[in-house]
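The sequence lines fix the lettering, A, B, ..., with proteins before strands; numbering per chain opens at 1.
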There are 2 protein chains.
Amino acid sequence: MHKKIMYVCNMANSKLYKGSLTTIILKLLNESEKMYGYEMTQKVKAITKGELNITEGALYPALHKLEAEGLLDVEVKKVDNRLRKYYKLTEKGNKETVSKLEELKDYIKTMETFMNPKLSLD
Amino acid sequence: MHKKIMYVCNMANSKLYKGSLTTIILKLLNESEKMYGYEMTQKVKAITKGELNITEGALYPALHKLEAEGLLDVEVKKVDNRLRKYYKLTEKGNKETVSKLEELKDYIKTMETFMNPKLSLD
DNA sequence: TTCTTATGCATAATAAACTTATGTATTAAT
DNA sequence: ATTAATACATAAGTTTATTATGCATAAGAA
């Protein structure tokens with residue numbers, strides 16, 4: 001291994017508020033039917049124009065956890081002599097996706113209410 | 001102590017995305033000039049109509065940390081024979097408030113972009 | 001052809017930021 | 001008289017991320 005610093009460009013980081021990652025994964029799979037881990041990191045980067053960077057150290061354990069909870073199914077494939085683990089939502093996963101998306105929407109609405117309060121409650 | 005279960009009504013919880021609390025505190029002090037801890041928990045509850053409940057176990061350590069970082073100043077007062085620790089923003093705290101609010105706005109914008117992508121990037 | 005970057009997975013150590021569960025103490029309400 | 005509200009605090013444990021590695025193949029640049 002001749003790796004020196006493989007993390008050079010960490011770009012003033014992307015502040016992932018803890019708790020969002022699971023929702024992000026579920027949302028991706030809700031749209032794409034099936035995806036593999038690396039693909040998710042690239043897609044998130046593309047959609048958010050580089051503002052959100054999912055680290056692999058967070059992503060893979062999160063995927064394993066979701067699988068263990070029965071929210072995801074896995075299917076391993078070999079492409080170009082490299083492994084890919086394709087994940088897709090189970091039925092349980094679909095339900096959880098709905099509630100997680102609802103939860104995020106509520107959170108955003110709440111925080112916006114908080115940031116721009118309509119009436120002062122002093 | 002005759003305390004049995006003081007946490008009974010935990011109300012389907014309030015999902016505070018980790019990382020938001022500091023921003024919330026700074027925003028409160030940015031508007032109210034000076035506040036004490038318990039007052040913050042009540043105000044947040046009121047503004048968000050009970051959707052956000054700051055727990056004391058999170059709040060007080062957070063306040064101590066912000067003070068240690070020089071973002072807050074403290075002034076202890078005795079009201080009705082009970083202590084109150086009034087916090088207010090320092091100059092450094094004012095600057096941090098601006099950047100934290102900016103950061104939250106960016107996060108919300110990014111997540112909205114992610115939830116409602118304008119163009120499909122498949 | 002050799003080095004680097006990109007693709008693709010994984011995990012251990014650490015840190016941050018919470019929740020949960022307590023503890024103390026005074027005042028107000030039932 | 002007991003409970004609820006006000007007001008602080010902290011320790012233990014959990015969750016969830018970052019940082020730092022590790023392995024392996026393929027593609028591209030030097």
Side-chain angles (χ1 to χ4, degrees), chain A residues 1-25 35-45 52-69 74-87 100 107, chain B residues 1-25 35-43 45-46 52-69 74-87 100 107:
Chain A
M1 270 307 82
H2 321 290
K3 185 182 307 183
K4 294 163 194 174
I5 317 172
M6 289 301 288
Y7 327 77
V8 172
C9 177
N10 224 345
M11 75 169 71
N13 213 11
S14 54
K15 296 288 175 189
L16 228 208
Y17 279 70
K18 293 186 185 185
S20 337
L21 180 54
T22 293
T23 308
I24 288 172
I25 293 171
M35 289 184 84
Y36 56 99
Y38 186 77
E39 189 183 8
M40 296 181 190
T41 66
Q42 300 309 300
K43 183 146 186 183
V44 168
K45 204 185 291 180
L52 228 58
N53 283 286
I54 308 301
T55 61
E56 294 171 298
L59 178 64
Y60 292 116
L63 288 172
H64 300 160
K65 195 190 174 204
L66 290 172
E67 189 196 346
E69 289 169 350
V74 192
E75 186 191 350
V76 180
K77 281 193 180 175
K78 201 160 200 170
V79 180
D80 288 330
N81 206 33
R82 278 198 229 92
L83 276 189
R84 282 182 188 173
K85 294 180 79 172
Y86 280 94
Y87 293 91
K100 279 286 186 183
Y107 170 76
Chain B
M1 269 311 81
H2 321 291
K3 184 184 308 185
K4 294 162 194 174
I5 316 172
M6 288 301 289
Y7 328 78
V8 173
C9 177
N10 224 344
M11 75 168 73
N13 210 10
S14 57
K15 293 291 172 188
L16 228 209
Y17 280 71
K18 293 184 185 188
S20 341
L21 180 55
T22 293
T23 307
I24 289 171
I25 294 170
M35 289 184 83
Y36 59 99
Y38 185 76
E39 188 184 10
M40 296 180 192
T41 67
Q42 301 309 300
K43 183 147 189 185
K45 204 185 292 182
L52 229 58
N53 283 286
I54 307 303
T55 62
E56 293 170 300
L59 178 64
Y60 292 115
L63 288 171
H64 300 160
K65 194 189 173 203
L66 291 172
E67 188 196 349
E69 289 168 351
V74 191
E75 188 193 350
V76 180
K77 281 193 179 173
K78 202 160 200 174
V79 179
D80 286 330
N81 205 33
R82 276 200 231 90
L83 274 189
R84 283 183 187 172
K85 292 180 78 173
Y86 280 96
Y87 292 91
K100 279 287 187 186
Y107 170 76

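Within the nucleic acid shown, Gly57(A) comes within 4.0 Å of at least one base atom, counting heavy atoms only. In this structure, Gly37(B) reaches the sugar-phosphate backbone alone: every heavy-atom distance under 4.0 Å involves primed, P, OP1 or OP2 atoms, never a base. Contact annotation for Ser20(A): backbone-only contact, meaning every heavy-atom pair under 4.0 Å involves sugar-phosphate atoms and none involves a base.
Going from atom CG of Leu52(A) over to atom C1' of dT18(D) covers 14 Å, rounded to whole Å. Tyr17(A) places its OH atom 16 Å from the P atom of dA16(C), with the value rounded to the nearest Å. Leu59(A) has its CG atom 8 Å from the P atom of dC9(C), to the nearest Å. Spacing between atom CD of Glu56(B) and atom C1' of dG23(C) amounts to 12 Å, rounded to whole angstrom units. As rounded to whole Å, 12 Å separates atom C1' of dA17(C) from atom CD1 of Ile25(B). As rounded to whole Å, 15 Å separates atom P of dA6(C) from atom OH of Tyr36(A). Distance, Lys77(B) NZ to dC8(D) P: 13 Å, rounded to whole Å. Residue Asn53(B) contributes atom CG, which lies 13 Å from atom C1' of dT19(C) at whole-angstrom precision.
Residue whose closest nucleotide on DNA chain C sits further toward the 5' end, between Glu39(A) and Lys18(A): Glu39(A). Where Leu63(B) and Tyr38(B) meet DNA chain D, the nucleotide closest to each residue was compared, and Tyr38(B) sits on the side nearer the 5' end. DNA chain C is contacted by both Lys65(B) and Gln42(A); Gln42(A) maps to the nucleotide lying nearer its 5′ end (nearest heavy atom per residue).
Atoms OG1 and CE, from Thr41(A) and Met35(A) in turn, are 8.5 Å apart once rounded to the nearest 0.5 Å. Rounding to the nearest 0.5 Å places NZ of Lys18(A) at 14.5 Å from OH of Tyr17(B). Separating the CD1 atom in Ile54(A) from the CG atom in Leu21(A) is a distance of 5.0 Å, to the nearest 0.5 Å. The line from OG1 of Thr23(A) to NZ of Lys100(A) is 5.0 Å long, rounded to the nearest 0.5 Å.
Distance from the side chain of Leu21(B) is smallest to dC18(C) among dC8(D), dA10(C), dC18(C).
For the segment residues 78-85 of chain A, the set of residues with a heavy atom within less than 4.0 Å of an atom of DNA chain C comprises Arg82(A), Leu83(A), Arg84(A), Lys85(A), in numerical order.
Residues Tyr107(B) and Ser20(A) approach most closely at OH-OG, 2.7 Å, considering heavy atoms.
Within the 4.0 Å cut-off from OP1 or OP2 of dC9(C), at least one side-chain nitrogen or oxygen of Tyr60(A) is found. Contact annotation: His64(B) side-chain N/O to dT10(D) OP1/OP2 distance is under 4.0 Å.
Residues satisfying the salt bridge (Lys or Arg N to Asp or Glu O under 4.0 Å) criterion with Glu67(A), sequence neighbours excluded, are absent altogether. Residues passing the side chain to side chain contact (heavy atoms under 4.5 Å, CB included) test with Lys85(B) are Val74(B), Val76(B), Tyr87(B), sequence neighbours excluded.
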